[in-house]
Structures are given as structure tokens and as C-alpha cells.
Amino acid sequence: MNISKTKKYTTIGMLCALAYVAVAVGRIPLILFLKYDPKDVIIVIGGLIFGPLTSFAVTIIVSVVQMFTISGTGILGCVMNIISSCSFACTAAFIYKRKHKLSGAILGLFCGWGCQVVVMMFWNYLIAPIYMGYPREAIVELLLPAFLPFNLIKGGLNAAITMLLYKPVVTVLRRSNLIESKQDSGKMQLNTGVLLVALLLFITCVLLILSFHDII
């Protein structure tokens, strides 16, 4: 194994560990029983650096470890975690790989956001009654008032935080000699426009969370 691959696998291992920690200690309640954790931010950053297969691999590893350690939803919960994270992170990473510049990164994050919302609405209807132990009628009643806003806020936070953290994370990894310049050309610069969009999106999501808590 050459040095380049060793560094890549080391970095991916670090991303897996960070994503797991994000699940274990970073959960915050959003709507009713639904909680947000920032693991998808770490997963998508890995995908933006190395490609969509890295996002897929990190998602599988973290979801399986989560299932055997801190999750109480078993294999079905693991499947839902994989579908949710992959729909966001793999979509964003794939689009950025095809259009490797700032506009491609932003487009990828927003497409990943939209894909996650649509996909999870379908899978929540299909599988949530089984692994949550709720009747399907109860899940249907929760789709619009709970699952839809939850996934909208979750995806918005993921996109906003990724835009804020991507460049600093890449800079740290490059200075640590864990990634090479050719693996990320630095085209997703944290310029003023990106910063404003990210902050506006983040603040909007936070306000939505607070408004739902007030309603509840």
C-alpha cells in the first residue's frame, strides 16, 4: 500500500470516528421525538474530498457501529440511517465530482438536501411504522407536521454547516499532510457570498426550531 492510500484511509478512519462521536454526543431535539445530529456534515465533507463512494463507506461503517452500540432501533433503524445519510451526502458528492467548482458544491448540497427530504418522506411512510412500532395511520398523520419539517431543517443545517466548515477542515487536513492538493483543488472557497448564504440558512433553521418548540 502506497503512502497516498495510507493517508486516505487514515483520513477516512478519522471521519468515521468523528461522525460516530457526532451521533453519540451531538443529538439535539428538533420536533417531537425527532433528534438532529451533525454526522451527515462529516460524511459529506469526506465525500466532497474523496468522492461519493467515501460518503457511502463512512455511512455504512458509522451506521453499523451505531446499531450495535447506541441505537435501539435495530437493523431497520440502521437501514433508515444509511438511506438518509446517503441520499444527502452521496448526492452532493456526486454532483461536486461532476462539477468541481464552487457552483457545483453549492448545487450538490442543495440537491442533496432536496433528495434527502423526498427520499425520507417515502421511507418514513414505508418503514417507520415497523421499526417505531406505530400504526401506519399514525405515521401518515405525522408526515407533514413532523417528518417533513424535521427533514427540511435537518438538511438545511447540514448544508449550512458544511458550507461553513468545509474549507477550514480541508485546510487543516492539508496542513497535517493527510490530503494532497490534487485531491481537493480548493475551489469551494469560503467567500463572502457563501458565508452569507450559509449564515442565513443556519439562522433560518434555528428560528424554525425555536418556533416549533414554542408551538409544542
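- Note that CZ of Phe150 and CG of Leu142 are 12.5 Å apart. Values are rounded to the nearest 0.5 Å.
- For the residue pair Lys154 / Ser84, a side-chain donor-acceptor distance below 3.5 Å is found, with atom types taken as modelled.
- In terms of heavy-atom proximity, Ala92 sits nearest to Leu48 at O-CD2, 4.1 Å.
- The CG atom of Asp40 sits 8.5 Å away from the OG1 atom of Thr162 when rounded to the nearest 0.5 Å.
- A pairwise comparison of heavy atoms in Thr91 and Cys115 identifies OG1-SG, 3.7 Å as the closest pair.
- In terms of hydrophobic clustering, with Ile, Leu, Val, Met, Phe, Trp and Tyr side chains grouped at heavy-atom distances under 4.5 Å, Met163 and Phe94 are assigned to different clusters.
- For the atom pair CG of Leu152 and CE of Met121, the computed distance is 8.5 Å after rounding to the nearest 0.5 Å.
- Under a hydrophobic clustering in which Ile, Leu, Val, Met, Phe, Trp and Tyr are joined whenever their side-chain heavy atoms come within less than 4.5 Å, directly or via other members, Ile95 and Val58 fall into different clusters.
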task: Please test Leu18 against Lys39 for side chain to side chain contact (heavy atoms under 4.5 Å, CB included), starting from the C-alpha separation and ending with a verdict.
output: CA-CA 8 Å; Leu18 289 172; Lys39 75 172 183 232; over 6 Å; no
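- In the displayed structure, Phe147 atom CZ is contacted under 6.0 Å by more than 12 heavy atoms of other residues, nucleotides or ligands.
- The main-chain N or O of Phe88 is never found under 3.5 Å from a side-chain atom of Trp113 such that the two would form a donor-acceptor pair.
- Follow the hydrophobic side-chain contacts under 4.5 Å out from Ile42 and you never reach Val21; the two are in separate clusters.
- If you take CG on Leu195 and NZ on Lys167, they are separated by 14.5 Å, rounding to the nearest 0.5 Å.
- To the nearest 0.5 Å, the span separating CG on Leu53 from SG on Cys90 amounts to 8.0 Å.
- Under the 3.5 Å distance criterion, the side-chain polar atoms of Ser211 are matched with a main-chain donor or acceptor of Leu208.
- Partner of Tyr20 under the side chain to side chain contact (heavy atoms under 4.5 Å, CB included) criterion, chosen from Ile61, Ile70, Val25: Ile70.
- In plain terms, the two heavy atoms of Ile31 and Pro145 that are nearest each other are CG2-O, 4.3 Å.
- At most 12 heavy atoms of other shown residues, nucleotides or ligands fall within 6.0 angstrom of atom CZ in Phe68.
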Review point. Hey, mind stepping through Val118 and Phe122 against side chain to side chain contact (heavy atoms under 4.5 Å, CB included) and telling me if it holds?
Key: CA-CA 7 Å; Val118 173; Phe122 172 75; over 6 Å; no
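- Residue Thr11 holds its OG1 atom at 12.5 Å from CD1 of Ile45, rounded to the nearest 0.5 Å.
- Under the 4.5 Å side-chain contact rule for hydrophobic residues, Leu109 and Leu196 do not share a cluster.
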Quiz prompt | Worked verdict on Ile49 versus Ile179 for side chain to side chain contact (heavy atoms under 4.5 Å, CB included) | solution = CA-CA 9 Å; Ile49 296 172; Ile179 63 172; 4.2 Å; yes
Open item on the list: Determine whether Leu107 and Arg98 satisfy the following criterion, side chain to side chain contact (heavy atoms under 4.5 Å, CB included), listing intermediate values before the conclusion.
Closed with: CA-CA 11 Å; Leu107 177 63; Arg98 297 293 296 272; over 6 Å; no
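- Around CZ of Arg136, the count of heavy atoms belonging to other residues, nucleotides or ligands within 6.0 Å exceeds 12.
- Neither Leu165 nor Leu200 shares a network with the other; the hydrophobic side chains, linked directly or stepwise wherever heavy atoms of I, L, V, M, F, W or Y lie under 4.5 Å apart, form separate groups for each.
- Geometrically, Arg27 does not engage Tyr36 in a cation-pi contact, judged by NZ or CZ lying under 6.0 Å from the ring centre and within 45° of the ring axis.
- Contact between Leu178 and Lys7 at its shortest, heavy atoms only, is O-CB, 3.5 Å.
- The backbone N or O of Thr59 lies less than 3.5 Å from no partner atom in the side chain of Ser85, so there is not a single donor-acceptor pair.
- Looking at every heavy atom in both residues, Ser55 comes nearest to Gly47 through OG-CA, 3.1 Å.
- Residues Ile82 and Ile60 share a closest heavy-atom pair of CD1-CD1, 3.6 Å.
- In this structure the side chain of Asn158 never reaches within 4.5 angstrom of the side chain of Pro38, judged on heavy atoms.
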